[in-house]
Colleague: 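Pasting in a structure now, in structure tokens, and then I'll have a few things to ask.
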Protein chains: 2
Amino acid sequence: MNDATTYDPHAFEPFAVTVDLAVFTVREGRLHVLLIRRGQDPYAGAWALPGGFVLPRESAESAARRELAEETGLSRESAAALHLEQLRTYSEPDRDPRMRVVSVAYTALVPGLPEPRGGGDAAHAQWMPADGAPALAFDHARIIADARDRIGAKFEYTCLATAFCPRAFTLGELQQVYETVWGVELDRPNFRRKVLATPGFVEPVEGAPRRTGGRGKPAALYRAGTAATLHPPLLRPQRRF
Amino acid sequence: MNDATTYDPHAFEPFAVTVDLAVFTVREGRLHVLLIRRGQDPYAGAWALPGGFVLPRESAESAARRELAEETGLSRESAAALHLEQLRTYSEPDRDPRMRVVSVAYTALVPGLPEPRGGGDAAHAQWMPADGAPALAFDHARIIADARDRIGAKFEYTCLATAFCPRAFTLGELQQVYETVWGVELDRPNFRRKVLATPGFVEPVEGAPRRTGGRGKPAALYRAGTAATLHPPLLRPQRRF
DNA sequence: TCAATAGTGTCTTTTAGACAATATTGC
DNA sequence: GCAATATTGTCTAAAAGACACTATTGA
């Protein structure tokens with residue numbers, strides 16, 4: 001085994017360590033991902049995930065939150081409240097043609113509303129549909145695919161879906177989040193029964209019911225509960241064969 | 001956003017990138033983890049996870065497989081067949097007191113039998129019970145805890161448990177793997193019904209049945225099936241409250 | 001009135017959990 | 001025979017799925 005004691009940090013060409021952010025939202029019944037347009041080679045003009053270098057004195061998680069605030073134009077306080085989760089690390093030697101870059105990818109889920117009005121560099125950040133997205137720089141298409149897999153799986157046994165919803169939301173909105181992420185239709189009464197029967201998933205919020213589109217009965221409002229995981233899970237409908 | 005184009009790799013003190021391996025096995029009904037004893041400061045004399053530096057031209061995954069082969073004394077071919085999975089990356093600035101080290105942790109599951117007879121550096125590698133383990137160097141206790149959480153969760157909806165079993169195993173052995181990892185007792189008839197009803201989880205193997213301890217009816221042998229995930233999942237018994 | 005969405009109730013099928021009963025081995 | 005483990009079977013409880021039905025809004 002190698003040991004760090006025997007290692008001279010300057011003996012090798014150094015590794016660069018970056019974070020990449022796969023920031024998702026649901027708008028108009030479609031999953032969107034936050035992308036920026038690259039101005040320089042390689043991949044000049046291509047779309048890419050936001051991200052940046054981990055600074056010498058910060059953790060990857062801190063770097064991810066810092067970049068997230070910068071890219072979305074949110075305050076640090078708001079960004080701190082967003083759901084941010086480490087996805088995995090990508091370290092193929094040639095994933096960046098210029099130098100050795102190891103990137104820690106993070107997934108963030110944000111409610112549908114806020115535009116990525118960027119302070120600073122984020123002016124070119126834009127929501128793009130996660131399906132039918134353009135060609136992406138580096139291995140970013142892979143990162144997005146991995147992130148979508150992870151999100152879809154976590155929807156089954158965690159309360160993660162509420163991270164896509166505003167503070168107060170209707171069960172119809174929550175159901176649409178599930179349907180969008182999973183790409184399936186769910187039965188409304190059964191979904192409702194299941195969600196309400198899961199302790200800590202959602203809790204009712206008092207006040208005037210909200211109308212969804214103007215038409216139809218106004219729906220009751222709920223907010224995210226205190227639970228983090230679902231017991232029992234909310235399983236994706238299976239493709240029986 | 002920072003961009004690698006504007007980055008001088010030698011401007012900062014470089015990052016070192018390592019892999020840490022949390023290698024587990026089940027023996028005698030207890031979960032064990034492969035540890036090495038450190039010979040040098042910091043943490044001289046303490047136990048630590050095996051691992052090492054990612055070389056300039058290899059991916060973290062390749063480094064993990066290389067280190068795994070070295071530490072366990074297995075051939076590259078055997079090591080390639082073991083279950084190896086990226087856990088997460090640890091990047092706190094002071095996790096190593098000497099320098100900035102970002103470590104990509106991997107989890108490996110191996111069948112109970114093989115001793116870590118090490119070629120080379122691995123002579124000091126040893127299986128230790130995962131509970132009641134000694135104090136560990138760096139943040140390795142945290143890594144082991146994260147790995148155990150992940151394994152326990154994945155047991156619910158994947159076929160991962162068979163990775164702890166030899167090529168041919170009995171349902172009783174598989175059940176004991178579940179019971180060890182989850183720390184619960186399972187009902188044998190129900191476990192059996194569930195496993196056999198899940199397509200692709202296990203498949204029967206012909207040949208003489210094996211006796212477990214000499215006493216009792218010999219059990220039929222099975223091998224791992226072709227499925228990777230369980231549908232529907234095999235849920236951990238819930239602590240109802 | 002109708003269209004549209006929210007919400008309730010009910011029935012059936014599936015799955016999980018508890019546990020009795022039988023089978024096959026070593027001693 | 002008995003102890004120990006494997007295996008089958010049965011009954012019950014819980015959950016999922018399908019779907020009819022009612023409720024409340026805007027036009």
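Numbered from 1 within each chain, the chains take letters A, B, ... in sequence-line order.
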Colleague: Taking atom P of C:dT15 as reference, at what distance in whole Å does atom CG of B:L235 sit?
Modeller: 13 Å

Colleague: Just how far is it from atom CZ of A:R148 to atom CZ of A:R150, taken to the nearest 0.5 Å?
Modeller: 15.5 Å

Colleague: Which nucleotide, C:dT15, D:dA6, D:dT24, lies nearest any side-chain atom of B:P232?
Modeller: C:dT15

Colleague: What's the verdict on side-chain contact (heavy atoms from CB on, under 4.5 Å) for A:V202 and A:F169, showing C-alpha distance, side-chain angles and the deciding distance?
Modeller: CA-CA 10 Å; A:V202 300; A:F169 52 88; 3.8 Å; yes

Colleague: Give the rounded distance in Å between these two atoms: CG of A:L174 and P of C:dA6.
Modeller: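 After rounding, the gap between these two atoms is 12 Å.
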
Colleague: C:dT15 C1' sits how many Å from B:L186 CG, rounded?
Modeller: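 For the pair B:L186 CG and C:dT15 C1', the rounded distance is 16 Å.
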
Colleague: A:R192 side chain N/O closer than 4.0 Å to the phosphate oxygens (OP1, OP2) of C:dG7?
Modeller: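 True: A:R192 side-chain N/O within range (under 4.0 Å) of C:dG7 OP1/OP2.
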
Colleague: Among A:L234, A:D187, A:L186, which residue meets the side-chain contact (heavy atoms from CB on, under 4.5 Å) test with A:K194?
Modeller: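 Only one option passes, and that is A:L234.
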
Colleague: How many Å lie between CG on A:L234 and C1' on D:dA16, as a whole number?
Modeller: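 To the nearest whole Å, that distance equals 11 Å.
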
Colleague: In terms of the angle between their ring planes, are B:W182 and B:Y178 parallel, tilted or perpendicular, with boundaries placed at 30° and 60°?
Modeller: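 Rings of B:W182 and B:Y178: perpendicular, over 60°.
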
Colleague: Between atom CD in B:Q175 and atom P in D:dA6, what is the gap in whole Å?
Modeller: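 Distance, rounded to whole Å: 8 Å.
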
Colleague: Mind checking A:A197 for me? I need base, sugar-phosphate or nothing, with any heavy atom below 4.0 Å counting as a touch.
Modeller: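 Nothing: the residue A:A197, judged by heavy atoms under 4.0 Å, touches no strand.
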
Colleague: When you measure only distances, ignoring hydrogens and angles, does the side chain of A:N190 come within 3.5 Å of the base of D:dA18 through a donor and an acceptor?
Modeller: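 It does, because a donor-acceptor pair links the side chain of A:N190 to the base of D:dA18 below 3.5 Å.
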
Colleague: What integer distance in Å separates A:D187:CG from C:dT10:P?
Modeller: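 Those two atoms, CG and P, are 16 Å apart.
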
Colleague: Judged by each residue's nearest nucleotide on DNA chain C, which is more toward the 5′ side, B:R188 or B:K194?
Modeller: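 It is B:K194 whose nearest nucleotide is closer to the 5' end.
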
Colleague: Assess whether side chain to side chain donor-acceptor pair (under 3.5 Å) is satisfied between B:D146 and B:Y90, documenting all intermediate values.
Modeller: CA-CA 11 Å; B:D146 289 347; B:Y90 297 83; 2.5 Å; yes

Colleague: I want to verify a distance call: between C:dA18, C:dG7, D:dG17, whose nearest atom is closest to the A:R193 side chain?
Modeller: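 Between C:dA18, C:dG7, D:dG17, the one nearest the side chain of A:R193 would be D:dG17.
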
Colleague: Please give, in whole Å, the distance from C:dG7 P to A:L171 CG?
Modeller: 6 Å

Colleague: For B:K217 and C:dT24, what is the distance between atoms NZ and P respectively, to the nearest whole Å?
Modeller: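 The answer, rounded to whole Å, is 5 Å.
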
